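In what follows, a structure is listed as structure tokens, so that the remarks can point back to it.
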Amino acid sequence: MSALRFVNKVALVTGGANGIGKATALAFARQGARVVVSDMNTVDGQSSVREINELTQSKNAIFLPCDVSSYSQVQKLIDGTLRAFGRLDCAFNNAGIEGAQGSLADQSNEAFDRVIDVNLRGVWNCMKLEIGVMLKQSGGGSIVNCSSIAGLVGFTGIAPYVASKHAVLGLTRAAALDYAKSGIRINSVHPGVIRTAMIDRFTGGSREAEIMFENATPMGRMGKPEEIANTVLFLASDEASFLTGQPITVDGGWTAQ
């Protein structure tokens with residue numbers, strides 16, 4: 001028996017051009033999966049696929065562009081996945097944006113709509129179509145939705161983001177119950193402060209702001225994208241076969257305070 005957990009499996013990662021998504025796509029590939037990397041950022045997405053294929057010495061990763069807020073684009077993404085690999089076993093719905101910063105009354109309706117369209121409707125669009133495929137194939141499948149610690153607790157200045165990530169958890173739980181007897185497991189991962197481009201935008205490159213985040217985390221540091229990827233792969237694997245509808249928090253102790 002192969003030691004690789006995802007041999008003969010197909011994994012889809014949205015928001016896979018950088019950060020947590022890229023790390024997860026690479027982790028799937030290293031564990032034997034054929035991987036579809038999707039993102040609106042075509043340049044970085046294609047670069048990620050080249051890097052993954054070089055590191056794994058294979059051609060098992062492909063890039064397909066997609067704006068997850070568009071149902072028709074997600075449909076094309078799923079169709080492209082099936083054309084390339086014939087099935088879909090694992091999906092990491094990771095694409096998301098942080099949106100504008102500012103108190104609720106100062107945020108525009110348009111800014112709110114954009115965050116909800118990407119972070120919540122995007123997960124809805126992806127799950128709706130991913131589940132449709134998984135129901136028709138043998139073996140079911142596993143879906144992991146990327147929420148945040150902002151899907152568990154509140155933060156000032158980012159109300160649309162907090163609302164969207166709380167909603168992702170609710171959607172995950174409801175869908176998990178809908179398909180608990182259908183061979184499809186659906187869970188959410190809730191990263192804390194992870195060293196990614198999103199955090200760089202929050203801090204504006206300020207070392208003082210970085211130290212503030214580090215000090216607010218009981219473990220005294222930011223997390224690494226690979227630490228989230230490891231959790232996603234566990235949730236997607238047979239090792240988590242009795243785990244569904246659960247929020248798994250990877251935050252260095254932040255929400256334990």
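If you're wondering where the values come from, they're calculated on a predicted model, not measured in any experiment. For reference, positions follow the sequence shown, starting with 1.
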Asn8 atom CG, neighbour heavy-atom count above 12 within 6.0 Å: no
Considering only heavy atoms from C-beta outward, does the side chain of Ile186 approach that of Ile131 to under 4.5 Å? yes
Could you check Thr172 against Ser147 for side-chain contact (heavy atoms from CB on, under 4.5 Å), going step by step and ending with a plain yes or no? CA-CA 10 Å; Thr172 298; Ser147 181; over 6 Å; no
Can you name the nearest heavy-atom pair linking Gly45 to Val37, along with the distance? O-CG1, 4.4 Å
Looking only at atom types and distance, does a side-chain atom of Glu98 sit under 3.5 Å from a main-chain N or O of Met198, one as donor and one as acceptor? no
Would Asp67 and Ser69 count as having a side-chain donor-acceptor pair, cut-off 3.5 Å? yes
Cluster link Met134 to Leu171, ILVMFWY, side chain under 4.5 Å: yes
Side-chain heavy atoms nearer than 4.5 Å, only ILVMFWY residues, links allowed to pass through others: does that put Phe234 and Ile184 together? no
Please round to the nearest 0.5 Å and tell me the distance separating atom CG of Leu120 and atom OG of Ser164. 7.0 Å
Using distance alone, with no hydrogens and no angle criterion, decide if Asn93 and Glu130 have a side-chain donor and acceptor under 3.5 Å apart. yes
Please test Arg195 against Glu210 for side-chain contact (heavy atoms from CB on, under 4.5 Å), starting from the C-alpha separation and ending with a verdict. CA-CA 9 Å; Arg195 191 170 288 284; Glu210 290 181 353; 3.6 Å; yes
Could you point out which residue of Val13, Ile248, Val232 forms a side-chain contact (heavy atoms from CB on, under 4.5 Å) with Val144? Val232
Any residue meeting side chain to side chain contact (heavy atoms under 4.5 Å, CB included) with Ala33, in chain and number order, not counting sequence neighbours: Phe6, Ala11, Phe28, Val35
Residue pair Phe63 / Thr42, side-chain heavy-atom distance below 4.5 Å: yes
Would a distance-only check, ignoring hydrogens and angles, find a side-chain to backbone donor-acceptor pair under 3.5 Å from His166 to Ala150? yes
Tell me whether the count of non-hydrogen atoms from other residues, nucleotides or ligands lying under 6.0 Å of CH2 in Trp124 goes above 12. no
Decide side-chain contact (heavy atoms from CB on, under 4.5 Å) for Phe155 and Ile149; before the verdict, give the C-alpha distance in whole Å, the side-chain angles of both, and the deciding distance to 0.1 Å. CA-CA 9 Å; Phe155 287 86; Ile149 54 172; 3.7 Å; yes
Taking Gly245's backbone N and O only, do any of them form a donor-acceptor pair with Asn187's side chain (distance below 3.5 Å, no angle check)? yes
In terms of side-chain geometry, is the basic nitrogen of Arg207 or Glu214 positioned less than 4.0 Å from the acidic oxygen of its partner? yes
Side chains of Asn145 and Ser188: any donor to acceptor distance under 3.5 Å? no
To the nearest 0.5 Å, tell me how far Met40 CE sits from Cys66 SG. 9.0 Å
Evaluate whether atom CD of Gln257 has more than 12 neighbouring non-hydrogen atoms of other residues, nucleotides or ligands under 6.0 angstrom away. yes
Looking only at atom types and distance, does a side-chain atom of Asp106 sit under 3.5 Å from a main-chain N or O of Gly102, one as donor and one as acceptor? no
Are Val250 and Leu243 connected in the hydrophobic side-chain network, where two residues link if heavy atoms are under 4.5 Å apart? yes
Using modelled atom types and a 3.5 Å cut-off, is there a donor and acceptor pairing between side-chain atoms of Arg87 and backbone atoms of Ser138? yes
Min side-chain heavy-atom separation Thr217-Met222 under 4.5 Å: no
For Asp44, is there any backbone N or O sitting under 3.5 Å from a side-chain donor or acceptor partner on Asn41? yes
Atom CD of Gln31 and atom OG1 of Thr56: how far apart are they, to the nearest 0.5 Å? 12.0 Å
If you compare all heavy atoms of Tyr71 against all heavy atoms of Leu129, which two are closest, and at what distance to 0.1 Å? OH-CD2, 3.3 Å
Check whether Leu64 and Val49 end up in the same hydrophobic cluster, where Ile, Leu, Val, Met, Phe, Trp and Tyr are linked by side-chain heavy atoms less than 4.5 Å apart. no
Would Gln75 and Asn125 satisfy side-chain hydrogen bond (donor to acceptor under 3.5 Å, both in side chains), going step by step from the backbone distance to the final call? CA-CA 8 Å; Gln75 181 70 73; Asn125 289 339; over 6 Å; no
Checking the side chain of Lys165 only, and the main-chain atoms of Cys146 only, is there a donor and an acceptor separated by less than 3.5 Å? yes
So OG of Ser103 and CD of Gln107: to nearest 0.5 Å the spacing works out to 8.5 Å
Approximate separation, where rounding is to 0.5 Å, of Thr231 OG1 and His190 NE2: 11.5 Å
Least distance between heavy atoms, Lys22 atom then Ser48 atom: CD-OG, 3.4 Å
Please name the pair of heavy atoms, one in Pro218 and one in Gly253, separated by the smallest distance, quoted to 0.1 Å. CG-O, 3.3 Å
Ile78 side chain near Leu12 side chain, heavy-atom distance below 4.5 Å: yes
Taking every heavy atom of Asp117 against every heavy atom of Arg121, the minimum-distance pair comes out as O-CB, 3.2 Å
So, do Ile116 and Pro160 sit near enough that their side-chain heavy atoms are less than 4.5 Å apart? no
Would you indicate whether the side-chain heavy atoms of Phe112 and Tyr161 approach each other to under 4.5 Å? no
N-O pairing of Glu227 and Arg221 below 4.0 Å: yes
Determine whether Asn230 and Leu233 satisfy the following criterion, side-chain contact (heavy atoms from CB on, under 4.5 Å), listing intermediate values before the conclusion. CA-CA 5 Å; Asn230 291 338; Leu233 262 66; 6.0 Å; no
Are the side chains of Arg5 and Glu239 in contact, using a 4.5 Å heavy-atom criterion? yes
Report whether Val133 and Val10 are members of the same hydrophobic cluster (ILVMFWY, side-chain heavy atoms less than 4.5 Å apart, transitive linking). yes
Output for pair (Ser148 OG, Ile194 CD1), nearest 0.5 Å, gives 9.0 Å
Any donor-acceptor N/O pair, Thr249 side chain to Asp251 backbone, under 3.5 Å: no
Nearest heavy-atom approach of Ile97 to Val115 is CD1-CA, 4.0 Å
Close side-chain approach of Arg185 to Ile143, heavy-atom, < 4.5 Å: no
Gln137 side-chain N/O to Gly140 backbone N/O, donor-acceptor pair under 3.5 Å: yes
